[in-house]
Amino acid sequence: QVQLVESGGGLVQAGGSLRLSCTASGRTFSDNGMGWFRQVPGKERTFVACINWRGGIPYYADSVKGRFTISSDNAKNTVYLQMNSLKPEDTAVYYCAARKTPFCSVAYIDTILYTSWGQGTQVTVSS
């Protein structure tokens with residue numbers, strides 16, 4: 001089982017930036033797929049971005065493409081989500097998730113495919 005801990009959330013003005021971190025411990029595998037999701041109260045958790053622990057081509061939701069960047073540091077067992085040009089509609093609790101298969105594409109955006117989750121970190125963007 002992989003344990004995930006997110007950090008880096010906070011309050012930022014529209015147009016600003018934040019970087020989220022997700023550190024993994026336990027049984028981590030270099031072939032795991034990693035994803036970021038977000039959720040607002042009363043709505044379903046939605047996909048933001050994914051990547052393979054070994055890097056490779058990431059995949060993004062249309063709503064964040066060009067503004068967010070996902071990356072990984074294998075030596076630190078950490079996945080990052082750099083968020084630029086933030087908008088009020090980006091306000092949500094952001095979750096890190098891990099999957100036992102390494103692939104990253106539109107086929108891997110469903111939450112049911114991910115077996116380990118972090119506790120979430122709040123991101124609030126003020127207008």
Side-chain angles (χ1 to χ4, degrees):
Q1 187 75 9
V2 177
Q3 290 80 46
L4 304 172
V5 178
E6 304 99 333
S7 62
L11 173 64
V12 63
Q13 289 188 334
S17 298
L18 282 174
R19 188 177 79 158
L20 306 183
S21 300
C22 171
T23 300
S25 60
R27 299 188 65 187
T28 58
F29 301 95
S30 60
D31 282 337
N32 275 14
M34 301 297 297
W36 283 98
F37 292 76
R38 63 188 182 185
Q39 188 172 23
V40 298
K43 294 190 176 181
E44 292 185 350
R45 195 167 297 186
T46 59
F47 172 82
V48 174
C50 65
I51 195 170
N52 184 322
W53 264 122
R54 296 188 178 185
I57 301 174
Y59 182 79
Y60 300 94
D62 287 344
S63 58
V64 306
K65 200 173 297 182
R67 300 188 297 122
F68 290 12
T69 302
I70 187 172
S71 62
S72 64
D73 185 334
N74 289 3
K76 296 182 178 180
N77 278 346
T78 300
V79 174
Y80 302 99
L81 185 68
Q82 177 67 44
M83 306 185 294
N84 298 330
S85 302
L86 282 162
K87 305 175 181 179
E89 51 264 44
D90 294 318
T91 295
V93 177
Y94 283 71
Y95 296 91
C96 176
R99 193 179 72 244
K100 293 181 180 179
T101 54
F103 311 109
C104 173
S105 71
V106 65
Y108 297 92
I109 66 174
D110 197 331
T111 56
I112 198 171
L113 298 173
Y114 292 79
T115 55
S116 299
W117 292 86
Q119 82 289 349
T121 185
Q122 176 70 46
V123 171
T124 303
V125 184
S126 62
S127 58

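Numbers here simply count residues along the sequence, with the first being 1.
- Applying the side-chain contact (heavy atoms from CB on, under 4.5 Å) criterion to T121, with sequence neighbours excluded, gives E6, L20, Y94.
- Under the rule for a salt bridge (Lys or Arg N to Asp or Glu O under 4.0 Å), the partners of K65 that lie at least two apart in sequence or sit in another chain are D62.
- Put simply, CD on Q13 and OG on S127 are 9.5 Å apart, with the number rounded to the nearest 0.5 Å.
- The side-chain contact (heavy atoms from CB on, under 4.5 Å) test applied to V125 returns V12, A14, L86, P88, D90, T91, V123, not counting sequence neighbours.
- Residues passing the side-chain hydrogen bond (donor to acceptor under 3.5 Å, both in side chains) test with Y95: none are found, sequence neighbours excluded.
- Contact record, L4 with A24: CD2-CB, 3.6 Å, taken as the closest heavy-atom pair.
- Nearest heavy-atom pair, G120 versus V93, reported as atom, atom and distance to 0.1 Å: CA-CG1, 3.8 Å.
- Every residue two or more places apart in sequence or in another chain was checked for a ring pair (Phe, Tyr, Trp, His ring centres under 6.0 Å) with Y60, and none qualifies.
- Taken from OH in Y59 to CZ in F47, the straight-line distance is 6.5 Å, to the nearest 0.5 Å.
- Residues V48 and Y80 do not share a hydrophobic cluster, defined by chaining ILVMFWY side chains whose heavy atoms lie under 4.5 Å apart.
- With sequence neighbours left out, the side-chain contact (heavy atoms from CB on, under 4.5 Å) criterion links S7 to S21.
- Shown here are the side-chain hydrogen bond (donor to acceptor under 3.5 Å, both in side chains) partners of T23, two or more places apart in sequence or in another chain: T78.
- Residues forming a side-chain contact (heavy atoms from CB on, under 4.5 Å) with S105 (at least two apart in sequence, or on another chain): A107, Y108.
- For the pair I70 and P58, the tightest heavy-atom approach, listed with the atom from each and the gap, is CG2-CB, 3.4 Å.
- For the pair R38 and S63, the tightest heavy-atom approach, listed with the atom from each and the gap, is NH2-OG, 3.4 Å.
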Stepwise side-chain contact (heavy atoms from CB on, under 4.5 Å) check, W36 with F68: CA-CA 11 Å; W36 283 98; F68 290 12; over 6 Å; no

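- Legend: disulfide bond (SG atoms under 2.5 Å apart) pairs involving residues 59-88, not counting sequence neighbours: none detected.
- The list of disulfide bond (SG atoms under 2.5 Å apart) pairs with a residue in residues 60-127, not counting sequence neighbours, reads C22-C96, C50-C104.
- Among all heavy-atom pairs drawn from N52 and S72, the shortest one is O-OG, 3.9 Å.
- Side chain of N32 to main chain of A98: no donor-acceptor pair is present (N/O by atom type, distance under 3.5 Å, no hydrogens or angles).
- N77 CG to M34 CE: the interatomic distance, rounded to the nearest 0.5 Å, is 9.0 Å.
- Listed by chain and residue number, nothing satisfies the side-chain hydrogen bond (donor to acceptor under 3.5 Å, both in side chains) test with T111 (two or more places apart in sequence, or in another chain).
- No chain of hydrophobic side-chain contacts below 4.5 Å, direct or via other Ile, Leu, Val, Met, Phe, Trp or Tyr residues, connects V106 to I57.
- Heavy atoms of other residues, nucleotides or ligands lying less than 6.0 angstrom from CD of E44 number 12 at most.
- Scored by the side-chain hydrogen bond (donor to acceptor under 3.5 Å, both in side chains) test, N84 finds S17, Q82 as partners (sequence neighbours excluded).
- Nearest heavy atom pair, residue G35 against residue Y114, reads N-CE2, 3.9 Å.
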